[in-house]
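Read the structure below first, then the notes.
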Amino acid sequence: MVGIISYGAYIPFYRLSRDEIARAWGGGAIRGEKAVANFDEDSLTMAVEAAISCLVGIDRQTIDALYFASTTSPYREKQVAATIAAATDLRREVLTGDFAGSLRGGTIGMRAALDAVEAGSAKKVLVTASDCRLGTPGSDFEQVFGDGAAAIAIGDSGVIATIEGSYSRFDEIVDLWRTESDDFVKSWEDRFVITEGYTYNLQQAISGIMQKHHLEPKDFAKVVFYAPDARRHLEMARKLGFDPKSQVQDGMFDRLGNTGAAFALMMLVAALEEAKPGDRILLASYGDGCDAYVLRVTEEIGQIKARRAIKAYLASKKMLPNYERFVRNRKLMEVEVGRRRPTMASSAVTLWRDRKMVYGLYGSRCNRCGRLFLPPQRVCLYCQAKDEYELVRLSEMKGKLYSFCKDELAASVDPPTILSIVNLEGGCRFYGPMTDRDPDQVEVDMPLELTFRKMHDGEGYHNYFWKCRPAR
């Protein structure tokens, strides 16, 4: 029996009111707010967060493959899945792959994972989907698009939702696109895009899978399907004959926004958080065609260990004070960040040598006296034992703030820079910047956790490491 064995999600800490976007451009506002990535987040870091959430209760050594789906990869030529696998500390023998360029990349990756497990080439596959899309400033897309990530694990044991059937169709249509040089999503005329693209394909896929498996709308406890916005989501539910109040999964348009390639899987995670054994779920995504799946929830859903996913992350938030802060965080225009020398050069060789510490956040534990160190030390500073140590992953350790400094002069997109010394569980200390924080509420002994973030760009590539943040 093959299906979903675990799930996870991530929603950034910050939200932007759509009234603020309308205020900036003098137009009308869509209801609610949208989730927006911080200045040090991108689709890679959000996928890491979702993957860590999904891996709760799973032995990482049992994962055989990791897939990453996104339309906003931080690289045009470099595999992001490999970086995610390193940050989540998977085996080096894991198969990694990127599914790029399609809004249904997440469900395509899901299909590839199912095929791999069914064929026996993998026992467990982790599928991540993450997007951080930009709409042209002042456009409807700018209000509609939100940022977020989802992850599901596919396996053949401990299955919480079996796959009873699938249906896919492609459609060559120019509706939404970005070329190699575009920063913002482009679209053809709205009526054409919705009628001939979204509506036609989704109806064909959903009616196709129901006919194939002799199902009717009443057979589903929950229906999860992609929609470009709240209006089309409601219209599609009615066209297909589903009850918008009891059957259709909340699209979270007024709290999250359309998260692109991650959207369908994020809604699926939200549905699984509330699912009961025996529930049948219909999942459908869209993008140059459509993928549809019929899932059946099993008794194993009750064995899922508690983790932060959609509900917890929706409740943990802070509003950006204004649209200008969003512009600054997303670097939509050049602003003053401090008159300082350029960022120091990065070394690909040093990064390669220290990749175990940089991505997996490994420290060392002295086998003689038990002391923990970060960075790893060959010689124990306490008992002077040499080369008597083991590597220990520190990335999921909680901690408390021991001391901090507010640096108002450091060049920063989000001043002041909060440099922190954190006492981690087990006696190790972490030194680094604090993110997702209110500078006025930082205080000694506040609970903290670690998060994988973008540090800076050097030598033309992105540099990632771990920061601390107030526990969400």
Side-chain angles (χ1 to χ4, degrees), residues 1-11 50 53-58 106-107 110 113-114 117 124-127 129 148-167 206 209-210 212-227 233-234 236-238 240-253 255-256 259 262-285 291-316:
M1 184 170 63
V2 176
I4 297 172
I5 62 173
S6 185
Y7 58 78
Y10 175 74
I11 299 172
S53 170
C54 185
L55 287 169
V56 171
I58 296 178
T107 52
M110 177 177 168
L114 289 166
V117 175
K124 294 178 183 176
V125 180
L126 183 60
V127 181
I152 56 172
I154 302 295
D156 59 2
S157 62
V159 174
I160 64 171
T162 61
I163 310 299
E164 292 188 333
S166 64
Y167 181 98
I206 291 178
I209 196 168
M210 288 199 296
K212 179 180 178 181
H213 296 281
H214 309 290
L215 297 169
E216 300 178 11
K218 63 180 178 62
D219 295 322
F220 296 95
K222 194 65 69 176
V223 184
V224 179
F225 60 90
Y226 175 94
H233 194 243
L234 180 59
M236 181 58 69
R238 290 171 174 166
L240 295 170
F242 296 108
D243 186 337
K245 293 184 178 180
S246 63
Q247 284 182 291
V248 178
Q249 178 60 39
D250 179 14
M252 302 173 285
F253 292 97
R255 295 172 291 161
L256 172 65
T259 56
F263 198 27
L265 291 187
M266 290 184 78
M267 286 191 283
L268 174 61
V269 170
L272 290 173
E273 284 187 298
E274 303 288 343
K276 303 184 297 295
D279 284 354
R280 182 179 277 125
I281 299 174
L282 175 63
L283 168 67
S285 66
D291 297 325
Y293 296 88
V294 175
L295 298 86
R296 179 64 75 97
V297 179
T298 74
E299 296 289 340
E300 293 290 333
I301 194 74
Q303 304 302 314
I304 286 288
K305 293 187 176 181
R307 82 276 313 280
R308 277 181 298 193
I310 298 296
K311 290 190 295 184
Y313 278 122
L314 281 176
S316 174

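For reference, positions follow the sequence shown, starting with 1. What you see is a predicted model; the values in this text were computed from it and never measured.
For Ser6 (side chain) and Ala153 (main-chain N/O), no donor-acceptor pair under 3.5 Å exists by modelled atom type. Looking at Lys212, its side chain does come within 3.5 Å of a backbone N or O of Ser166 through a donor-acceptor pair. Arg296 contributes no side-chain N or O that, together with a main-chain N or O of Val294, makes up a donor-acceptor pair within less than 3.5 Å. Side-chain N or O atoms of Thr162 include none that pairs as donor or acceptor with a backbone N or O of Gly3 at under 3.5 Å.
Annotation: the span from Phe225 atom CZ to Met236 atom CE amounts to 7.0 Å, rounded to 0.5 Å. Atom OG1 of Thr259 and atom CZ of Phe253 lie 9.0 Å apart (nearest 0.5 Å). One finds the CD atom of Glu164 at 11.0 Å from the CG atom of Leu282 (value rounded to the nearest 0.5 Å). Once rounded to the nearest 0.5 Å, the distance linking OH of Tyr293 with CD1 of Ile4 reads 10.0 Å. Taking OG1 of Thr298 as the start and CG of Asp279 as the end, the distance is 11.0 Å to the nearest 0.5 Å. Atom CD1 of Ile152 is separated from atom CD1 of Ile160 by 9.5 Å, given to the nearest 0.5 angstrom.
In terms of heavy atoms, Ile281 sits closest to Ala271 at CD1-CB, 4.5 Å. Minimum heavy-atom separation, Ala270 to Gln249: CB-NE2, 3.5 Å. Annotation for Ile209 and Ala292: closest pair CD1-O, 3.4 Å, computed over non-hydrogen atoms. Among all heavy-atom pairs drawn from Ala150 and Val269, the shortest one is CB-CG2, 4.4 Å. Closest approach of Gly241 to Pro217, counting heavy atoms only: O-CB, 3.6 Å. Nearest heavy atoms, Gly8 versus Ser53: CA-OG, 3.3 Å.
Inter-residue side-chain proximity for Ile11 and Met266 is flagged as met; some heavy-atom pair is nearer than 4.5 Å. Within the 4.5 Å cutoff, the side chain of Thr107 has no heavy atoms near those of the Tyr226 side chain. Counting heavy atoms from C-beta outward, Met252 and Ile310 have side chains that approach closer than 4.5 Å. The shortest side-chain heavy-atom distance between His233 and Pro244 does not fall under the 4.5 Å cut-off. Contact annotation: the side chain of Asp291 never approaches that of Met110 to less than 4.5 Å [non-hydrogen atoms, C-beta and beyond].
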Q: Check step by step if salt bridge (charged side-chain N to carboxylate O under 4.0 Å, His left out) holds for Glu274 and Lys222.
A: CA-CA 10 Å; Glu274 303 288 343; Lys222 194 65 69 176; over 6 Å; no
Q: Walk me through it: do Ile163 and Val2 pass the test side chain to side chain contact (heavy atoms under 4.5 Å, CB included)?
A: CA-CA 7 Å; Ile163 310 299; Val2 176; 5.9 Å; no
Q: Kindly indicate, with the supporting measurements, whether the criterion side chain to side chain contact (heavy atoms under 4.5 Å, CB included) is fulfilled by Ile304 and Tyr7.
A: CA-CA 9 Å; Ile304 286 288; Tyr7 58 78; 4.0 Å; yes
